[in-house]
K.L.:
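Starting off with a structure, shown below.
Excluded from the calculations below are hydrogen atoms, water molecules and symmetry mates; all remaining heavy atoms, backbone and side chain alike, are included. All chains are named by letter (A, B, ...) in the order of the sequence lines, taking the proteins before the strands, and each is independently numbered beginning at 1.
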Amino acid sequence: MLDIRIIRENPETVRERVKARGGDAWKLIDELLECDEVRRKGETEKQQLQNERKTESKKIGALKKAGEDTAAVEAAMRKIGDQIKAIGDKVDAVDARQRELLLSIPNMPHPNCPVGSDETANPEVRTWGEKPHLEAPRDHVDLGTSLGILDFESAVKISGSGFIVFRGAGAKLERALINFLLDLHTTEHGYTEVGVPFVVNRDCMTGTGQLPKFEDDMYGTENNELFLAPTAEVPVTNLMRDEIVAADDLPVHMVAYTPCFRREAGSAGRESKGLIRMHQFDKVELVKIVHPDNSYDALEKLTADAEKVLQLLGLHYRVIELCTGDVGNSAAKTYDIEVWAPGHGAYLEVSSCSNFEDYQARRMGLRFKDKETKKNVFCHTLNGSGTALPRLYVALLETYQQPDGSINIPEALQPYFGADSIPAKS
RNA sequence: GGAGAGGUGGCCGAGUGGUUGAAGGCGCACGCUUGGAAAGCGUGUGUAGGGGAAACUCUACCGAGGGUUCGAAUCCCUCCCUCUCCGCCA
């Protein structure tokens, strides 16, 4: 959520920066400013009437004690009460609309965010490693089903398309990866592990920005207003919702493993083959709550923490920066990390690292007490996958496949997996 | 799921229709006092929004949302949460 004061004071700047995203959201700003003016005028008017009622009503008690007739005053107050009610209703309606508009307007991309209309305009920031030289590499679906570790057919029977059943060494590999990632970030990068509910309420989903705009993409339970978390970002960041933290308690660095649930409606084909796009997938998520002065340094470090995963696993990747037309609704700046999948001959996004500045913090009322001014100031929030599991899994199988169909396990993972390879089926 | 008891500031806690401008205490901050410290004394101590150049000021907020009333922390309704007991249960 953007700061209404900033919008009020610099409408042109805000409009331009929101407009850089493409889409129509910038058009809402005029209506927003109109609401703001009507609301403030109404509030002042209402307050004056409330003041009058409060002062006069107080006298009634004293008058009654003195045995005087208060019918006239009461009638006058009743009239003021009606006026207050009428103005209040109007103000409430406008206020609700203003909030709705504010929740719908996306964040402003950072001024240095590369301008572009879609993902083709995302500049590459850096690459690491090289594409492995493989003769006729097989893809993970072929490899995984041949080895009997990935069972797509059973998943369809249980839940439908977009789900996976891991078997034997395949299940253990998934579990090994989760433990490897959590240990790496807690012991090497200074994050504190949290275990959180996978089901969250509407306030959480609004706080991090999934709602109101993306309700159709989420699995929800209609009756009790709970949602399956689409990412650990939601429950983890919302741990801090409605908190005023001491400045000394910043930064907060948290890491969590959770499954993630997404409807991902309408996608099919090569982009979603096998494990690449799932309705349920595992992810280890990094979340940072920081002082506004440090948030861009924190983003660089967070991205490096995620990259470390791929470096330790020896997987070639590239980092790209999302342009104004591709950066997510709540984010001001985002790096995507894309791992090379030889079997697909494509880079796959395994991590998206974003600085939301105070956009999420304002939605969820997450502040810290500034030492000098003693004021409550909105924190900056960041998160990034560290990393998503399925595409990491894909890259591992496809990168470390051997001519006989077996899979070598990178050294860093061996202590967790308990073996140096997944042997081919005889 | 059932029954009962509760939910008031950073914390404890008073308060069942009108100086509540939320008592009192604790904590915290600053000051006085002191050789230094403790004790003691004094002052201050929330959030959001509106108005104002500012000093400042107004309004709202006693779990949440509605209602009754000239006036609600206080009365009524709905919901949420916590505790105790019962039921169910990995």
K.L.:
Looking only at side-chain atoms of A:Arg39, point me to the closest of B:rG50, B:rG21, B:rU59.
P.N.:
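Out of B:rG50, B:rG21, B:rU59, the nucleotide with an atom closest to A:Arg39's side chain is B:rG50.
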
K.L.:
Over all strands shown, is A:Arg8 touching base, sugar-phosphate only, or nothing at heavy-atom distances under 4.0 angstrom?
P.N.:
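Touches sugar-phosphate only.
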
K.L.:
Which of these nucleotides, B:rG51, B:rU47, B:rG71, is closest to any side-chain atom of A:Arg40?
P.N.:
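Nearest to the side chain of A:Arg40 among the choices is B:rG51.
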
K.L.:
Do the non-hydrogen side-chain atoms of A:Leu313 and A:Phe180 ever get within less than 4.5 Å of each other?
P.N.:
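A side-chain contact exists here, since the closest heavy-atom pair is under 4.5 Å.
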
K.L.:
Within the structure shown, what part of the strands sits under 4.0 Å from A:Lys375 by heavy-atom distance: base, sugar-phosphate, or nothing?
P.N.:
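No contact.
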
K.L.:
Determine the contact category for A:Lys54: base if any of its heavy atoms lies under 4.0 Å from a base atom, sugar-phosphate if only primed atoms, P, OP1 or OP2 are that close, otherwise nothing.
P.N.:
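Sugar-phosphate contact only - A:Lys54 comes under 4.0 Å of backbone atoms but never of a base.
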
K.L.:
Return the pairing partner of B:rG44 with a 3.5 Å limit on both distances, Watson-Crick or G-U wobble; otherwise return none.
P.N.:
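The base-pairing partner of B:rG44, which may sit in any strand shown, is B:rC28.
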
K.L.:
Under 4.5 Å between any side-chain heavy atoms of A:Arg8 and A:Arg40, yes or no?
P.N.:
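A side-chain contact under 4.5 Å exists here.
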
K.L.:
Which nucleotide wins on minimum distance to the side chain of A:Thr44, given the candidates B:rU19, B:rC58, B:rG51?
P.N.:
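Out of B:rU19, B:rC58, B:rG51, the nucleotide with an atom closest to A:Thr44's side chain is B:rG51.
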
K.L.:
Which listed nucleotide (B:rU47, B:rG49, B:rC70) is nearest to the side chain of A:Glu43?
P.N.:
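In terms of side-chain proximity for A:Glu43, the closest of B:rU47, B:rG49, B:rC70 is B:rG49.
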
K.L.:
Do any N or O atoms from the side chain of A:Gln401 and from the backbone of A:Glu398 form a donor-acceptor pair under 3.5 angstrom?
P.N.:
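Checked: pair present.
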
K.L.:
Of the options B:rA60, B:rG71, B:rG67, whose atoms approach the side-chain atoms of A:Lys85 most closely?
P.N.:
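Given the options B:rA60, B:rG71, B:rG67, the side chain of A:Lys85 is closest to B:rG67.
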
K.L.:
When you measure from the side chain of A:Lys369, which nucleotide among B:rG46, B:rG50, B:rG18 comes out closest?
P.N.:
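Within the option list, the nearest is B:rG46.
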
K.L.:
Which nucleotide, B:rG21, B:rG71, B:rA48, lies nearest any side-chain atom of A:Lys58?
P.N.:
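The listed nucleotide nearest to A:Lys58's side chain is B:rG21.
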
